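On a predicted model such as this, the values are computed, not experimentally measured, just so you know. Note that ligands are numbered from 1 as they come in the structure, with each ligand's atoms numbered from 1 the same way.
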Amino acid sequence: VPIEQIRNFSIIAHVDHGKSTLADRLLEFTGAIKQNTGQHQVLDKLQVEKERGITVKAQSASIVYSFKGKPYILNLIDTPGHVDFSSEVSRSLSVCQGVILLVDANDGVQAQTVANFYLAFGKDLTIIPVLNKIDLKQANPERVCHQLKNLFDIEAKDVLKISAKLGIGIKEVIEQIIEKLPHPKVDRHKPFQSLLYDSWYDKYRGALSLIYVNSGSAKVGDSISSCHTKKSYEIKTLSLLRPEEHSVDRIVAGQIGLLGCNMRNIKEAVVGDTLHVTSSPVGPLPGFQPPKSMVFAGIYPANLSEHTDLRKAIEKLTLNDSAVTVDIDTSPALGQGWRLGFLGLLHLEVFTQRLEQEHGTEAIITAPSVTYLIKLKATKETVKQGTNEIFINNPAVFPEHIRIEETHEPMVLGTIITPDSYLGPIMQLCQERRGVQKQAVNIDNDRVMLQYDLPLCEIVLDFHDSLKSISSGYASFDYEDNGFQLSSLVRMNILLNNVPCEELSTIVHSSKAQLVGRQMVLKLKELIPRQMIHIAVQATVNGKVLARENIKPYRKDVTAKLYGGDVTRRMKLLAQQAAGKKKMKMVANISVPRNTFIDFLKND
Ligand code: GTP
């Protein structure tokens, strides 16, 4: 079809506002999938997405629709809704000309609605506001329209009201996409230039690339080259996603398609790369910021014998998730493992869940950490290295305090939307998490939007859960990266009979050291079994003891319950006890069961 009959769009919404349901209805309405076949949420392909009801990997579908006698191709780019995946949202939006801003008519505008609106607005996209779930008894469209006017200056008359669940208003959505969104501004007569905006690994065909054609056209058999890697490939397959793959011979400007060209390694399919026909080179399109890892955690096999299996599983999973960074890591207690970087905590959870579900691998995940920036005092060495700045995300390598000039921690700008009855406890929570309030605005008569500067390490673990529980689930939260800030950070060591145990060290803000130290020694006292010798558990900062607990000695005489007689039985028991000791790690003459580390490092 001509360029004028193509529309590329995304649906952006807060979690659970009905994005996947609407996508299904659009596909059903246009006949791309059959109605009532139980094929619900066809775009959420992965099992974890189904279970968690969230969209992780952006998927696309081309919809064909006839309007006023002309066929239109509407390319729906599905975007993940969760804050951890905002880089994927941004990436998907850069191939769109417009978005559907979907808002639950009962819940109203939420934190992610705000974040997503500004992403789309910042890219100059046409925005079609749509209220969903108008079938709900509690739906209050007037109120939500008022919020849209207050926050985004959207007029009530421009807002569509639909029920994705019941299929009400779907036709209007499709016709507005055609009437309101501009077609892509592209030229099919220029040389082929396309943006690689997503890629994944296919067992049989190698890396597949999802491309948006910005100019020209290409066909199966053409030789194409990458602006980034300079490598050349022959196009083997081209298909449109409707949403099933639909083979085509040629792909033209304005269109979105899946390209297979025998790339054996996903690393060759660099997201943000530009592809051109080898014989007519073109310059690169503006690429993307590589996704930035915000949260790091160690990952180790639960049994040392499963090391190879775990390595293979991690390799396979990272093939499909280029946002995960992988480094080798070792721990005296847990053996060989890896240190992985994630976009956020949910990303980490999804990754480990996929590891278990798709690869049957059990792994130990250590407590997550963020990346800190440390400025060292000038020495011969820092001069030699040309910088005194180091970035660390593993407490085990935090430098000695005498070497440190300054410590900085990563910050985020957090947005919270809440009914004002929860304002008190929420502000208190933010304060406990060392937050600094930046803004508070009323978005209607009884709802408020708050903005806080917050340290990332204070929100990665359980901030969202705490926020939900103190607001009975009504407050929503989203955040964006906000750089580093000078902060007083210390490394807390855990000592067992004066010997430091590196796996157990953590980085904490000095104002919280006392509290955290107390909690840690109490937890260890619970976990470490009593032994023949007395054990002192201490938490120290810069050599100063902040907390201490004692574990009293206890003799475990396994033979006591025997009546002396049977020597072989006695020998057997002693042998068993010796074998049990092998599973222990010796720290300062104290045997600490491997499980202690595992239980301690695991987040509860
Ligand atoms: P994420 O993928 O997690 O961002 O969620 P989503 O926005 O795709 O939401 P989804 O489509 O999964 O819908 C969330 C819930 O809302 C589901 O239980 C849907 O059945 C329900 N829902 C969606 N649309 C409607 C609607 O129009 N009316 C009612 N009553 N419920 C709806």
Proximal candidate to atom 29 (C) of ligand 1 [heavy atom criterion; set Lys165, His17, Arg25]: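 Considering heavy atoms of Lys165, His17, Arg25, the nearest to atom 29 (C) of ligand 1 sits in Lys165.
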Where is the tightest heavy-atom contact between Pro301 and Leu310, given as atom of each residue plus distance?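 The answer is N-CD2, 3.4 Å.
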Could you label the plane-to-plane angle of the Tyr118 and Phe121 rings as parallel, tilted or perpendicular, counting under 30° as parallel and over 60° as perpendicular? perpendicular
Would you say ligand 1 has an N or O under 3.5 Å from any N or O of Ala164? yes
Does Leu166 reach ligand 1 with a nitrogen or oxygen that is under 3.5 Å from one of the ligand's nitrogen or oxygen atoms? no
Output side-chain donor-acceptor pairs under 3.5 Å for residues 412-423, partner residues at least two apart or in another chain, one line each.
| residue | atom | partner | partner atom | Å |
| --- | --- | --- | --- | --- |
| Thr415 | OG1 | Gln451 | NE2 | 3.0 |
| Tyr422 | OH | Ser472 | OG | 3.4 |

For ligand 1, which atoms, with element, lie under 4.0 Å from some heavy atom of [X]?
X: Leu136; result: 30 (N)
X: Ser163; result: 26 (C), 27 (O), 28 (N)
X: Ser20; result: 2 (O), 6 (P), 8 (O), 11 (O)

In plain terms, say whether Arg7 and Glu175 are close enough for a salt bridge, that is, a side-chain N and a carboxylate O under 4.0 Å apart. no
Is the shortest side-chain N to carboxylate O distance from Lys438 to Asp453 below 4.0 Å?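 Yes, Lys438 and Asp453 are salt-bridged.
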Which one holds for Thr21 and ligand 1: side chain close, backbone close, both close, or neither close, with close meaning a heavy atom under 4.0 Å?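 Answer for Thr21: both.
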If we set the cut-off at 4.0 Å for heavy atoms, which region of Asp16 has an atom near ligand 1: side chain, backbone, both, or neither? both
Counting only pairs under 3.5 Å, give me each side-chain donor-acceptor contact of residues 150-169, with atom names and distances, residues two or more places apart or in other chains.
| residue | atom | partner | partner atom | Å |
| --- | --- | --- | --- | --- |
| Asn150 | ND2 | Ile443 | O | 2.9 |
| Asp153 | OD1 | Lys149 | NZ | 2.8 |
| Glu155 | OE2 | Lys149 | NZ | 3.0 |
| Ser163 | OG | Asp135 | OD1 | 2.9 |
| Ser163 | OG | Leu166 | N | 3.0 |

